[in-house]
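Data first, discussion second: the structure below is written as structure tokens.
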Amino acid sequence: MRGAGKATALIVFAGAASADTVQVVALGDSLTAGYGLPEGEGLVPRLQGWLDANGVDAEIVNAGVSGDTTAGGLARLDWALTEDTDAMIVTLGGNDLLRGLPPEVSRGNLDAILSRVAGERGLPVLLIGLDAPSNYGPAYKADFDAMYAELSQDYDTLLMSNFMGPLVAGSDLATARARYLQDDGIHPNREGVALIVETLGPRVAELIGRVEE
């Protein structure tokens, strides 16, 4: 998603890790980077806190860059993916939607990312999708929404089908926007991030379990 400025370095929120600690790289845009939130309140530090509280020995590396499209994520994959990486969370596509990029372009970039991470490196991946709005038409929405599940199946990844899904579960869209999003209507606020982490945390624990198998 769009944001003010781009991250210039990976931020590690778990401190010094032991030799047995699983390192998970979170590759994404401003939804991952924590745009608009105080330090320590974004997705990655809140997710790290959930893992620590639940006794999961893992280090989450924040490779979220505000404004990145799927093409941007692919372009910096070599920088984000190091020899120490044991697993990856991929959360990209929001800026593709904002720019109205063709779903086949987004799909091709995600396919290339998964091919290198899950295919060539054989690393476990959690792919996190987004639902397209209806204003681009039903065909666009159907193609965009389907690509995450189809790519997940192709590469045998774990899947969280909609990053924003926890925000609308049990409430209407207008209420969710007012309560869980920042004033821009795009990025989750502190309460929204907390809800997302409640759903995301167990999936990341499952991802880490795949590393340890």
Side-chain angles (χ1 to χ4, degrees), residues 1-3 6-7 10 24-33 35 43-44 47 60-82 85-168 173 185-188 196 199-200 203-204 206-207 210:
M1 311 298 281
R2 298 179 186 277
K6 291 191 174 183
L10 295 179
V24 181
V25 172
L27 181 71
D29 49 37
S30 58
L31 295 176
T32 299
Y35 171 77
L43 180 74
V44 169
L47 177 59
I60 308 297
V61 178
N62 192 342
V65 173
S66 295
D68 249 11
T69 60
T70 54
L74 175 60
R76 61 188 175 86
L77 184 60
D78 287 340
W79 168 66
L81 189 65
T82 71
T85 303
D86 297 306
M88 180 169 277
I89 302 167
V90 178
T91 312
L92 289 164
N95 286 304
D96 298 50
L97 282 176
L98 290 176
R99 300 180 186 188
L101 298 179
E104 59 268 24
V105 172
S106 304
R107 182 182 184 125
N109 292 327
L110 289 172
D111 192 305
I113 291 171
L114 295 175
S115 176
R116 290 169 63 183
V117 179
E120 295 175 17
R121 284 284 299 271
L123 300 181
V125 174
L126 170 59
L127 180 62
I128 303 179
L130 287 165
D131 283 353
S134 58
N135 55 297
Y136 294 124
Y140 184 105
K141 179 172 175 56
D143 289 345
F144 190 94
D145 292 354
M147 71 180 178
Y148 292 102
E150 291 170 356
L151 287 169
S152 178
Q153 184 173 9
D154 289 345
Y155 289 97
D156 190 28
T157 77
L158 296 175
L159 176 69
M160 181 173 165
S161 60
N162 183 10
F163 182 90
M164 297 293 190
L167 306 187
V168 296
L173 185 58
I186 296 174
H187 298 90
I196 291 167
T199 297
L200 179 59
R203 302 313 311 276
V204 175
E206 185 179 356
L207 176 70
R210 287 194 171 192

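Here the structure is a predicted model, which means the values were calculated and not measured. All values below come from the heavy atoms of this structure, side chains included, with hydrogens, waters and symmetry mates left out.
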> Can you tell if the side chain of Asn109 reaches within under 4.5 Å of the side chain of Leu92, non-hydrogen atoms only?
Replying inline: no

Interatomic distance, CG@Asn62 vs CG@Leu47, rounded to 0.5 Å, equals 10.0 Å

Here the pair of heavy atoms bringing Val24 nearest to Leu207 is CG1-CD2, 4.0 Å

So CZ of Phe163 and CG of Leu43: to nearest 0.5 Å the spacing works out to 5.0 Å

- Short question: side chain of Thr69, backbone of Gly72 - any donor-acceptor pair under 3.5 Å? yes

Shortest non-hydrogen pair, Leu127 vs Thr157, comes out as CB-OG1, 3.8 Å

Between the CZ atom in Arg210 and the CG atom in Leu158, the distance rounded to the nearest 0.5 Å is 4.0 Å

CG (Leu200) and OG1 (Thr91) are apart, to the nearest 0.5 Å, by 7.5 Å

The reported gap from CG in Leu123 to CZ in Arg116 (rounded to nearest 0.5 angstrom) is 12.0 Å

Is Arg203 salt-bridged to Glu206, cutoff N-O under 4.0 Å? yes

Kindly indicate, with the supporting measurements, whether the criterion side-chain contact (heavy atoms from CB on, under 4.5 Å) is fulfilled by Arg99 and Val105. CA-CA 12 Å; Arg99 300 180 186 188; Val105 172; over 6 Å; no

### Message
Using the rule given for side-chain contact (heavy atoms from CB on, under 4.5 Å), can you reason through Ile128 versus Thr32, listing the C-alpha separation, both sets of side-chain angles and the distance that settles it, and then say yes or no?
### Response
CA-CA 11 Å; Ile128 303 179; Thr32 299; over 6 Å; no

message: Before you tell me yes or no, could you show the steps for Val61 and Thr82 under side-chain contact (heavy atoms from CB on, under 4.5 Å), namely the whole-Å CA-CA distance, both residues' side-chain angles and the distance that decides it to 0.1 Å?
response: CA-CA 11 Å; Val61 178; Thr82 71; over 6 Å; no

So CD1 of Ile89 and CG of Leu27: to nearest 0.5 Å the spacing works out to 10.0 Å

Closest non-hydrogen atoms of Leu31 and Pro188, given as atom of the first, atom of the second and distance, are CD2-CD, 3.7 Å

Heavy-atom nearest pair, Leu130 first then Tyr148, reads N-CE1, 3.5 Å

Do the rings of Tyr136 and Tyr140 sit parallel, tilted or perpendicular, given the 30° and 60° boundaries? tilted

Closest non-hydrogen atoms of Asp96 and Ser106, given as atom of the first, atom of the second and distance, are OD2-OG, 2.7 Å

Should Met88 and Leu77 be marked as a side-chain contact (heavy atoms from CB on, under 4.5 Å) after you check the CA-CA gap, both sets of side-chain angles, and the distance that decides it? CA-CA 11 Å; Met88 180 169 277; Leu77 184 60; 4.0 Å; yes

If we ignore hydrogens and angles and just use 3.5 Å, is the side chain of Asp145 paired with the main-chain N or O of Ala132 as donor and acceptor? yes

inquiry  = Whether the side chain of Arg107 engages the backbone of Ala146 through a donor-acceptor N/O pair (distance < 3.5 Å, no angle test) should be reported.
reply    = no

Between Phe144 and Gly93, the two heavy atoms sitting closest are CZ-O, 3.6 Å

> Are a donor atom and an acceptor atom from the side chains of Asp111 and Tyr155 found within less than 3.5 Å of each other?
Replying inline: yes

